[in-house]
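The structure under discussion appears below in the form of structure tokens.
If you're wondering where the values come from, they're calculated on a predicted model, not measured in any experiment.
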There are 2 protein chains.
Amino acid sequence: MEKPGSAVPQRLKVRKTPVQTRSGATVEAIHEAAIQVLLAEGLTRLTTTRVAERAGVSVGTLYQYFPNKEALLFALLQRHFEELASAMEGIGPDDAKQPLSILAEQIADTYVSVKIARPDATAALYRVAGAIDQFRLPAEIYKRLEGSVLRILEKAGDASFNSPEQAAFTLLSALAGLSRGSFGNLTAGTIDPDRFRSEARMIATAYLTAAAQTKTKTVGDA
Amino acid sequence: MEKPGSAVPQRLKVRKTPVQTRSGATVEAIHEAAIQVLLAEGLTRLTTTRVAERAGVSVGTLYQYFPNKEALLFALLQRHFEELASAMEGIGPDDAKQPLSILAEQIADTYVSVKIARPDATAALYRVAGAIDQFRLPAEIYKRLEGSVLRILEKAGDASFNSPEQAAFTLLSALAGLSRGSFGNLTAGTIDPDRFRSEARMIATAYLTAAAQTKTKTVGDA
DNA sequence: TTCCGAACTGAAGGATCGTTCAGATATATT
DNA sequence: AATATATCTGAACGATCCTTCAGTTCGGAA
């Protein structure tokens, strides 16, 4: 049994790190193949053999980098979250204070951009989380994403939060929900990027403004 | 929130409708067992045999009511959405106009109440959607939920929406995201119902107010 | 060129899994 | 009580699945 929110368990760790160039390409090919199989065949037909075949390698090769199927799926999720966190960390590198509404829009825009950049991958990833038994986003990964949002919120010159962590959590959850709803399934429905972005902007701005407004002026309080 | 799809395909229809009392109890037991197996064993170990065993029946019995495993999972989701829609339809049965902020809180409260009533079922259901290949929430089911929200929004005496459908979709998606995050997929820890509720209220109120304010006065528009 | 470790192969093993169906049992009807 | 229908049983089957490992090929350092 895994403790929730702890570091990445041994069961899900990658098996070896690439030293030669080709193996790096192999890992990348496996990642990409997993997404494609997921979209084309569905979760129940997402097979290690099928993924390897699509990646142009043999099953044995796959198992040199991932100790089991779960670890492969976990790596996909981890990579996506890190990409998202990196994008967030690139927001407003200067230390200048800005209006909260501007910051909210930047957060929303960045979130939307990452999701839209790879619509197929986004749609695919929403299906894998349920496949990892007892899956919980490891604390270290979520904390990085949370931290990037917190650092942005600190730049607000016109507002402050009673509980920035709570605000970041709710904001990220809501954006995730909106994204999941918008991308629902790639095959039939068409995604309207403009609507997705404008709705994301609106809900981010509205929520953050409201959450900041409810700040209580009490000094020392738990 | 899933984008609405087509009607329920034959592949996912229930096989027979109960006529005797015992069979009704059997179906209920199977539903409940599926949730328990999902929570205790995870998605990959969610087996028709295991579900039947936990329900106290044999596999054959399960297959008398569900043509396949997918149909069982689909039934679980469908039931949950219908329960949610029913709860929403029970909001403000009178025709009196009310402030939008009050309505927003009622929507949030109702949503939270349904989710909190069965935390285990809620957490379990978030994992099954990915297991149904090419899953899309059938239009008839989503439309009912959307309709209940639209009817509530019409009662706002102090605001109106440019696109009520868009507002309902975004609101429901955001609430779904917040719920999913709160129930443990995103971060570790136990669920705090009070926080969940207050955050749901805040984001619902903030978003709906903002969306209503941005109403444009143009008459005929797509 | 030689050589060694890194990277890759893919058939085979062992374990489930989804699903069926012929027969047994329970309930309702006459 | 006898008959008809609804419900349940669970061993068995074919289809995959995940994973391993002995052997082969490739890349680069010497």
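- In this structure, the side-chain contact (heavy atoms from CB on, under 4.5 Å) partners of A:Gln36, at least two apart in sequence or on a different chain, are A:Glu32, A:Arg54.
- A search for side-chain contact (heavy atoms from CB on, under 4.5 Å) contacts involving B:Val59 returns B:Thr48, B:Thr49, B:Tyr63, not counting sequence neighbours.
- Atoms CD and CG, on A:Glu146 and A:Leu172 in that order, are 8.0 Å from each other to the nearest 0.5 Å.
- By the side-chain contact (heavy atoms from CB on, under 4.5 Å) test, B:Thr205 is found to be paired with B:Ser101, B:Ala104, B:Glu105, B:Thr209, residues two or more places apart in sequence or in another chain being considered.
- Taking atom CD of residue A:Gln64 and atom P of nucleotide D:dC26, one finds them 15 Å apart after rounding to whole Å.
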Collect all protein-nucleotide pairs involving nucleotides 23-25 of chain C in which both atoms are nitrogen or oxygen and the distance is under 3.5 Å.
none

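- Per the geometry, CZ belonging to B:Phe66 stands 15 Å off C1' belonging to D:dC8, to the nearest Å.
- Residues that satisfy the ring pair (Phe, Tyr, Trp, His ring centres under 6.0 Å) test with A:Tyr126, not counting sequence neighbours, are absent from this structure.
- Between the CD atom of A:Glu53 and the P atom of D:dC18 there is a distance of 13 Å, given to the nearest Å.
- Applying the ring pair (Phe, Tyr, Trp, His ring centres under 6.0 Å) rule to pairs touching residues 32-54 of chain A yields nothing, sequence neighbours excluded.
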- request: Mark up nucleotides 12-19 of chain C, 5' to 3', with B wherever a protein heavy atom is under 4.0 angstrom from a base atom, S wherever such an atom reaches only the sugar-phosphate, and - elsewhere.
  value: -----SSB
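- Checked against side-chain contact (heavy atoms from CB on, under 4.5 Å), A:Arg144 has the following partners two or more places apart in sequence or in another chain: A:Glu82, A:Ala85, A:Ser86, A:Glu89.
- For C:dC8, neither phosphate oxygen OP1 nor OP2 lies less than 4.0 angstrom from any side-chain nitrogen or oxygen of A:Ser58.
- Applying the ring pair (Phe, Tyr, Trp, His ring centres under 6.0 Å) rule to B:His31 yields the partners B:Phe66; only residues at least two apart in sequence or on another chain are considered.
- One can place CG of B:Leu62 at 15 Å from P of D:dT7, the figure rounded to the nearest angstrom.
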